[in-house]
2 protein chains.
Amino acid sequence: MARIKTENNLTRKEVIVAKAATLFREKGFKAASMRDLAEAVGVEAASLYNHIKSKTEILHELCFSVANRFVHKIDEVEAENTNAVNKIEKLLRFHINEMLHHYEEVYVSDREWKHLSDPYLSNFQNQRRIYRKRFAAIIETGINEHQIKSIDAPTAVLIMLHAISGIESWHRSTQKITAEELEENMISILVGGLVNR
Amino acid sequence: MARIKTENNLTRKEVIVAKAATLFREKGFKAASMRDLAEAVGVEAASLYNHIKSKTEILHELCFSVANRFVHKIDEVEAENTNAVNKIEKLLRFHINEMLHHYEEVYVSDREWKHLSDPYLSNFQNQRRIYRKRFAAIIETGINEHQIKSIDAPTAVLIMLHAISGIESWHRSTQKITAEELEENMISILVGGLVNR
DNA sequence: ATAATATACTAACGAATGTTAGCGATGTTT
DNA sequence: AAACATCGCTAACATTCGTTAGTATATTAT
């Protein structure tokens, strides 16, 4: 009877959720079975239920831990005393680094939230909608102050956010530029596409 | 015994595939069941098999019909006698319009291709990889001719393609700007992010 | 050492899945 | 009208799914 190995002060639940993130990213939430997850963790499927309530609970944990980090960040950025373009750049760099260093979680949260069930589903969608509105509001400010060219702010937001989710492809590619280079390239293209010249 | 209704010269198979595209987009390939699809088509699940070989075959049809359209387009654009920025703009506009007018198919092809099985899977991945290389090559040309700023071309490609997939959110949003406005906004931001000033 | 708790196991469940077989009804061609 | 192909139906199949119950073992606290 081999116990789930815990390292770095992680609870067994956290180990399971972390392995699940990898699995959900690779196969998708629906296609990844609890038996798959059990094997990845090194245990029988039924044993997982000593640590988690359900498969969906794992998805909750992943989606909301990611969402909360972004909300916390935009709280911080909004409060800063700087111009709109700076704020946007900070948000973008945060998104990029989240995608670089918490790839599995962020990716799963982005692509698999549809499989949440109410009330978590509506909750998540609400948070997402509000986040995007706040992001758009910063862009609007930049437009009004003529730092940013006159574009539709919600459209700009969806371009930015989806563009960053492209880092998925970078992770899988064989000939990678470094993470730093990637970050600078993305900022150059995305911010460059917004600003007035 | 109600037959599958065919309109506009569509075969029954094409009706099934079209309905499947909607369903796969809404629920994901794995979560959408053949019984769901049957209901959407107005028939029993077993009856579908008079027209299609398997659930996976439907996914093949969707993925490759989309992929073929993009390959065909880049063939056309590469052959044109114009500069790199123009070529990129044409490709982007094509992507945007595909996403606007063949939303279901393009979205499914983009997100669900992982569930293809070999040899179709490797085939699809190859086509995708080659397409992106050709796109990157056009960007490289623009960089060498100093129309485009000095960036990593593969990174630029993944930003462009993923940004466009954000049109998904536009489709679902309630207060939409028009399709034409969306197209112009996207082109402005994306091309604006590339060009040298 | 003993008791208590945490964790893993085996076995099994009901439900849902993709798919096949066989039959009858419908539509088309001769 | 007869022959034939097309199409949809019911019934059923083998798997796989998430999850639960009950039990055994390992760890921790007393």
Side-chain angles (χ1 to χ4, degrees), chain A residues 1-7 9-24 26-63 108 112 114-118 120-121, chain B residues 1-7 9-24 26-63 108 112 114-118 120-121:
Chain A
M1 193 149 49
R3 286 206 156 193
I4 298 176
K5 289 175 203 162
T6 60
E7 317 169 342
N9 290 359
L10 290 181
T11 66
R12 294 190 214 295
K13 180 171 178 173
E14 288 165 338
V15 172
I16 292 172
V17 172
K19 289 275 185 190
T22 306
L23 215 63
F24 291 173
E26 287 170 353
K27 314 182 74 168
F29 176 74
K30 270 282 177 183
S33 76
M34 293 304 279
R35 285 166 180 87
D36 290 336
L37 177 55
E39 191 182 353
V41 169
V43 96
E44 291 298 318
S47 307
L48 297 172
Y49 288 83
N50 286 317
H51 306 282
I52 53 143
K53 285 207 298 288
S54 67
K55 186 186 182 186
T56 322
E57 191 211 6
I58 302 178
L59 191 58
H60 300 162
E61 301 257 343
L62 287 170
C63 289
V108 169
E112 307 291 338
K114 278 186 189 179
H115 298 104
L116 289 170
S117 38
D118 272 322
Y120 301 97
L121 178 58
Chain B
M1 194 148 48
R3 287 205 153 194
I4 298 175
K5 290 176 202 163
T6 60
E7 318 170 341
N9 291 359
L10 289 181
T11 66
R12 290 182 220 285
K13 180 171 178 174
E14 286 165 339
V15 172
I16 292 172
V17 171
K19 289 275 186 189
T22 306
L23 216 64
F24 292 173
E26 286 170 353
K27 316 183 72 170
F29 176 74
K30 270 283 177 182
S33 76
M34 293 304 278
R35 284 167 181 85
D36 290 336
L37 177 54
E39 191 181 352
V41 169
V43 97
E44 291 299 316
S47 307
L48 297 172
Y49 289 82
N50 285 319
H51 305 281
I52 53 141
K53 286 209 296 288
S54 68
K55 188 186 183 186
T56 322
E57 191 211 4
I58 302 178
L59 191 59
H60 298 164
E61 302 256 344
L62 287 170
C63 290
V108 169
E112 307 293 338
K114 277 185 187 178
H115 299 103
L116 289 170
S117 37
D118 273 324
Y120 300 97
L121 178 60

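Worth knowing before you read on, the calculation uses all heavy atoms, side chains too, and leaves out hydrogens, waters and symmetry mates. This structure is a prediction, so every number in the text was calculated from the model and none was measured.
- Counting only heavy atoms from C-beta on, Y49(B) has its side chain closest to dG18(C) among dT10(C), dG18(C), dT10(D).
- Following rounding to the nearest Å, I52(A) (CD1) and dT7(C) (P) show an atom-to-atom distance of 13 Å.
- dT6(D) atom P lies 15 Å from atom CD1 of I16(B), rounded to whole Å.
- Computed from coordinates, the E44(B) CD to dC23(C) C1' distance equals 15 Å when rounded to whole Å.
- Between E26(A) and K114(B), no side-chain nitrogen of the basic residue sits less than 4.0 Å from a carboxylate oxygen of the acidic one, so the salt-bridge criterion is not met.
- Among the atoms of the strands shown, only primed sugar atoms or phosphate atoms (P, OP1, OP2) are found under 4.0 Å from some heavy atom of A32(B).
- In this structure, R35(A) atom CZ and dT19(D) atom P are separated by 11 Å, rounded to whole Å.
- Out of dG18(C), dC9(D), dT7(C), the shortest distance to the side chain of A46(B) is found at dC9(D).
- Enclosure of atom NZ in K55(A) by more than 12 non-hydrogen atoms of other residues, nucleotides or ligands within 6.0 angstrom is indicated.
- I52(A) contributes atom CD1, which lies 3.5 Å from atom CE of M34(A) (distance to the nearest 0.5 angstrom).
- With contacts defined as side-chain heavy-atom distances shorter than 4.5 Å, the pair H60(B)/K53(B) does not qualify.
- Residues V108(A) and T22(A) have side chains not in contact (no heavy-atom distance under 4.5 Å, counting atoms from C-beta outward).
- One finds no side-chain N or O of S33(B) lying less than 4.0 angstrom from the OP1 or OP2 phosphate oxygen of dA16(C).
- The side chain of V43(B) lies closest to dG8(D), out of dT19(D), dG8(D), dA8(C).
- L37(A) has its CG atom 12 Å from the P atom of dA8(C), to the nearest Å.
- Here the P atom of nucleotide dT20(C) and the CE atom of M34(B) are 10 Å apart, to the nearest Å.
- Listed nucleotides: dA8(C), dG18(C), dC9(D). Nearest to the side chain of S47(A): dA8(C).
- Put simply, the side chain of N50(A) and the base of dA6(C) share no donor and acceptor less than 3.5 Å apart.
- Taking atom CG on L48(A) and atom C1' on dT10(C), their separation rounds to 15 Å, with Å as the unit.
- Taking only side-chain nitrogens and oxygens, H51(B) never comes nearer than 4.0 Å to OP1 or OP2 of dT6(D).
- Straight-line distance from the NZ atom of K53(A) to the C1' atom of dT20(D): 16 Å, rounded to whole Å.
- Of the candidate nucleotides dT7(C), dG18(C), dC9(C), dG18(C) has the atom nearest to the side chain of K55(B).
- For the pair F29(B) and A45(A), nearest-nucleotide mapping onto DNA chain C gives the more 5' position to A45(A).
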